S.K.: 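Below is one structure. I have some questions about it.
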Amino acid sequence: MKKIYLYGNWKMYKGIEQSENFINDLGEYMEDNSWLRQMLKNDRLEIGLFPSFTSLASAQKVLTSTGLDKMNVHIGSQNFYYEEKGAFTGEVSWSMLNEINCNSSLIGHSERRHIFGESDEMISQKLRSALSNGIIPVLCCGETLEERENGETERVVARQISTSLQDLDNNKSVVENIIYAYEPVWAIGTGRSAMPEDAEDVCRYTRKCISSVLGEKYSGNAKILYGGSVKSSNAESLLNQPDIDGVLVGGASLQVDSFLDIVKSFA
Ligand code: 13P
């Protein structure tokens, strides 16, 4: 059975207390549910939680104090800036993430691209910086509704993936760390998930794009997640697709029950 990646992007929800409560509740849930303990222990499941910047340090501390950090559960940031330090008002650097042992980050989420105007070039710089500085990047891609309706999905995904990956130091230990997330913009927060076959088509195509830049050696084992209105009722058919290795969840990740229900049928 394949390993499943269950990642929760909390976006601009949950302050410090709520983030800590979630992690404590997750610990209790794990005590009560041996299926979850087994999946994590047997490396059949990896959980990633992506809280807000202000909650990161305390979430990390609670993760360590509950021992969940040793159970295939980790904390990542939703964003970071690629310089180490400097006059970049409002930004948080990779070195600040290193300082709190946060070693993973989303990069190029569609809300960063479309609301905050992040370009392919900026996302590419973030990817490079992450790989050089001990941050595991979760590189997001995906088309808007207009692009899909115009038949441009593959063109957009190819552009987003190839701009990010081109000229990367083709060093196995570094490039292998990249996790990819296909999140069609029209499916995010709309309750309208992609059909499993459609999500599979684009994830397979994403793998092909990775192969054409980095080579098959890296694309075959690349982890590709699907995101966009994932919940327990649609997760199983999405996760059963051969090119979908996991899910990046927004709304349904905010409660422990709805989050873990997503993978329960794989226990
Ligand atoms: P929803 O699951 O709320 O659609 O959000 C998906 C997402 O953007 C995860 O990064």
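These figures come from a predicted structure and were not determined experimentally. Numbers for residues simply follow the sequence, beginning at 1. Numbering of ligands and ligand atoms starts at 1, following listing order.
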S.K.: I'd like to know if the side chain of S77 pairs up with that of S105 as donor and acceptor (distance under 3.5 Å, no hydrogens or angles considered).
M.R.: yes
S.K.: Provide, to 0.1 Å, the distance between atom 9 (C) of ligand 1 and the closest protein heavy atom, together with that atom's residue and name.
M.R.: E183 OE2, 2.9 Å
S.K.: In the protein, what heavy atom is nearest to atom 3 (O) of ligand 1, and what distance, to one decimal place, separates them?
M.R.: G251 N, 2.8 Å
S.K.: Which atoms of ligand 1 have any heavy atom of K11 under 4.0 Å away?
M.R.: 5 (O), 6 (C), 7 (C), 8 (O)
S.K.: Does some side-chain heavy atom of K11 sit less than 4.5 Å from a side-chain heavy atom of H109?
M.R.: yes
S.K.: For ligand 1, which part of N9 has a heavy atom less than 4.0 Å away: the side chain, the backbone, both, or neither?
M.R.: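 It is the side chain that gets close, since no backbone atom is under 4.0 Å.
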S.K.: So for K231, does at least one of its heavy atoms come nearer than 4.0 angstrom to any atom of ligand 1?
M.R.: no
S.K.: Would a hydrophobic clustering, with Ile, Leu, Val, Met, Phe, Trp and Tyr connected at side-chain separations under 4.5 Å, put I107 with Y81?
M.R.: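 No.
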S.K.: I'd like to check which ligand 1 atoms, numbered from 1 as shown, lie under 4.0 Å from a non-hydrogen atom of L248.
M.R.: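 Reading through ligand 1 atom by atom, the close ones are 9 (C), 10 (O).
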S.K.: Taking side chain as C-beta onward, heavy atoms only, is T153 less than 4.5 Å from Y182?
M.R.: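 Answer yes - side chains close enough.
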S.K.: Could you tabulate the donor-acceptor pairs under 3.5 Å formed by side-chain atoms of residues 238-247, not counting sequence neighbours?
M.R.:
| residue | atom | partner | partner atom | Å |
| --- | --- | --- | --- | --- |
| N240 | ND2 | E236 | O | 3.2 |
| Q241 | NE2 | S237 | O | 3.1 |
| D243 | OD1 | R207 | NE | 2.6 |
| D245 | OD2 | R207 | NH2 | 3.1 |
| D245 | OD2 | I224 | N | 2.9 |

S.K.: Identify, by atom number and element, the atoms of ligand 1 in contact range of A187, meaning under 4.0 Å from any of its heavy atoms.
M.R.: 4 (O)
S.K.: At less than 4.0 angstrom from any non-hydrogen atom of H109, what atoms of ligand 1 do you find?
M.R.: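 Per the distance check, 7 (C), 8 (O), 9 (C), 10 (O).
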S.K.: Any idea how Y29 and W35 line up, ring-wise: parallel (<30°), tilted (30 to 60°), or perpendicular (>60°)?
M.R.: perpendicular
S.K.: Quick check on the hydrophobic clustering: are V156 and L145 connected, directly or via other members, by side-chain heavy-atom contacts under 4.5 Å?
M.R.: no
S.K.: For ligand 1, which atoms, with element, lie under 4.0 Å from some heavy atom of S229?
M.R.: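 Ligand 1 atoms under the 4.0 Å threshold to S229: 1 (P), 2 (O), 4 (O).
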S.K.: Report the member of G250, G189, G191 with the shortest heavy-atom distance to atom 4 (O) of ligand 1.
M.R.: G189
